[in-house]
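What you see is a predicted model, and the numbers here were worked out from it, not measured in a lab. Below, chain A is the first sequence line, B the second, and so on; all start at residue 1. Basis for what follows: all heavy atoms, side chains included, without hydrogens, waters or symmetry-related copies.
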There are 2 protein chains.
Amino acid sequence: MKAISRKEEIITTAARLFNEKGYKAVSMRDIATAMDIKAASLYNHINGKQEILSEIILKVAEEFTKGMTNVVAENSSAIKKVEKVIELHIDITVNHSDALAALNNDWMHLEETDLKAFVKMREDYEENFRRIIKQGIEAGEIKPYHPEVILFSILSTLRTLYLWYQKRGKLDVNILKKDMVSVLIKGIV
Amino acid sequence: MKAISRKEEIITTAARLFNEKGYKAVSMRDIATAMDIKAASLYNHINGKQEILSEIILKVAEEFTKGMTNVVAENSSAIKKVEKVIELHIDITVNHSDALAALNNDWMHLEETDLKAFVKMREDYEENFRRIIKQGIEAGEIKPYHPEVILFSILSTLRTLYLWYQKRGKLDVNILKKDMVSVLIKGIV
DNA sequence: AATTCTAACTAACAAGCGTTAGTTTTGTTA
DNA sequence: TAACAAAACTAACGCTTGTTAGTTAGAATT
């Protein structure tokens, strides 16, 4: 029953444009033109440009945080947890690829409060991931490479997945998961 | 004997600022202030903001192209070539990490001619890398995963290496190379 | 039928943008 | 020391930016 509100429409449109040119290169007039209205009309639905950016970024950042919380709470092997993290990234990438562009490239344009919240979430996320990898090494499940190198290698692949997903037409999610898990995991076990 | 020219100084300063906030978020006045001069004075040395961006990006893009050409010309195994590509990325990352931020995030703000040149170089680069991986699979040196997944996985790690390198204080290049080659290669052989 | 709400509009603002023209200072060479 | 070139300066330009104020048309509610 819940129809998409005009506000959500603005945010979706803005995310698409931010993905193409970046937050600073997209004007309120650009967003309005893409919706066939005038820039001033946007302000009937949103409080400003900043609000659009923070809604785009924080919403998806919270999804990552929630997903990671679930993974950490699981009672399973480290490898299984890494697999779950990979699947988490793929699911979010498939559903919010535009938002991920903003999260990756425009987070520094968030203002004070939102910026702090975002940076905190990202640090916590990385720390949780790092701990999973370390536990895997201690348990002998993961090869004893430098944990930071493993973390970085996997995370940078997952973080830029949205670029790849946008380039090759939307492909089957389950196949993507299987291949991704293979390439990223097989190397470290 | 060749002292760094004022023009090079501008480009280096601009690259640093572009790395922090992105091309569109940095004004000519920002660049000038960082050099303790006035914005108009910049135009004694450069033709405009666009020129700064294209010098930053194209110079390092050409370095990649040249490096890849050397690797392709080598008479060695596919795995050895992949290793050489990894080392190429690390060397460039260590010496031009600010420029890599612009190359990754601001390339779309290049104007017509430079944009075309850049996109062409990047496509060729990827195609050369893809071919190396395919040859490796045919020769039985590399596991028969989908080549595109291997390419993407390695390349996205190498492309965001500059972020990692900037975060952890400048670390020993040779150790970095060894660890990186281990993690990225061991998984696919 | 009168009222209220929603969402568009026009017009304008102050600030910041890249850039240009013309001038002055600084440092080197003849 | 006079002449010249390099590199800074001041002042201003036309344009774009995010945003505000006030208004209007149509739909929903009373």
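For the pair Asp30(A) and Ala40(A), nearest-nucleotide mapping onto DNA chain D gives the more 5' position to Asp30(A).
The base of dG16(C) lies outside donor-acceptor range of the side chain of Arg29(B), with no N or O pair under 3.5 Å. You'll find a donor-acceptor pair under 3.5 Å spanning the side chain of Asn44(B) and the base of dA8(D), going by distance alone.
In this structure, Tyr43(B) atom OH and dA21(C) atom P are separated by 12 Å, rounded to whole Å. Taking atom NZ of residue Lys38(B) and atom P of nucleotide dA6(D), one finds them 23 Å apart after rounding to whole Å. Distance, Ile52(B) CD1 to dC17(C) C1': 14 Å, rounded to whole Å. In this structure, Tyr23(B) atom OH and dC17(C) atom C1' are separated by 11 Å, rounded to whole Å. The CD1 atom of Ile37(B) sits 14 Å away from the C1' atom of dT10(D) (whole-angstrom rounding). Atom CE in Met28(B) sits roughly 19 Å away from atom C1' in dA15(C) (whole-Å rounding). Rounded to a whole Å, the CD1 atom of Ile46(A) is 7 Å from the P atom of dT19(D). dT19(D) atom C1' lies 11 Å from atom CG of Leu42(A), rounded to whole Å.
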Q.
Working note: Ile10(A) + Glu55(A), criterion side chain to side chain contact (heavy atoms under 4.5 Å, CB included); need CA distance, chi angles, decisive distance, verdict.
A. CA-CA 11 Å; Ile10(A) 292 172; Glu55(A) 291 237 358; over 6 Å; no

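In this model, the phosphate group of dT19(D) is not approached by any side-chain N or O of Lys49(A) to a distance below 4.0 Å at OP1 or OP2. The phosphate of dT6(C) (OP1 or OP2) has no side-chain N or O of His45(A) nearer than 4.0 angstrom. When the side-chain nitrogen and oxygen atoms of Ser27(B) are compared with OP1 and OP2 of dG16(C), none of them lie within a distance under 4.0 Å.
Under the 3.5 Å distance criterion, with hydrogens and angles disregarded, a donor-acceptor pair is assigned to the side chains of Thr157(B) and Thr157(A). A donor and an acceptor atom, one from each side chain of Asp30(B) and Ser27(B), are located under 3.5 Å apart.
If you check every strand for non-hydrogen atoms under 4.0 Å, Ser41(B) touches a base.
At least one donor-acceptor pair under 3.5 Å links the side chain of Asn104(B) to the backbone N or O of Arg159(B).
Ring centroid separation for the pair Tyr125(A) and His89(A) comes in under the 6.0 Å cut-off.
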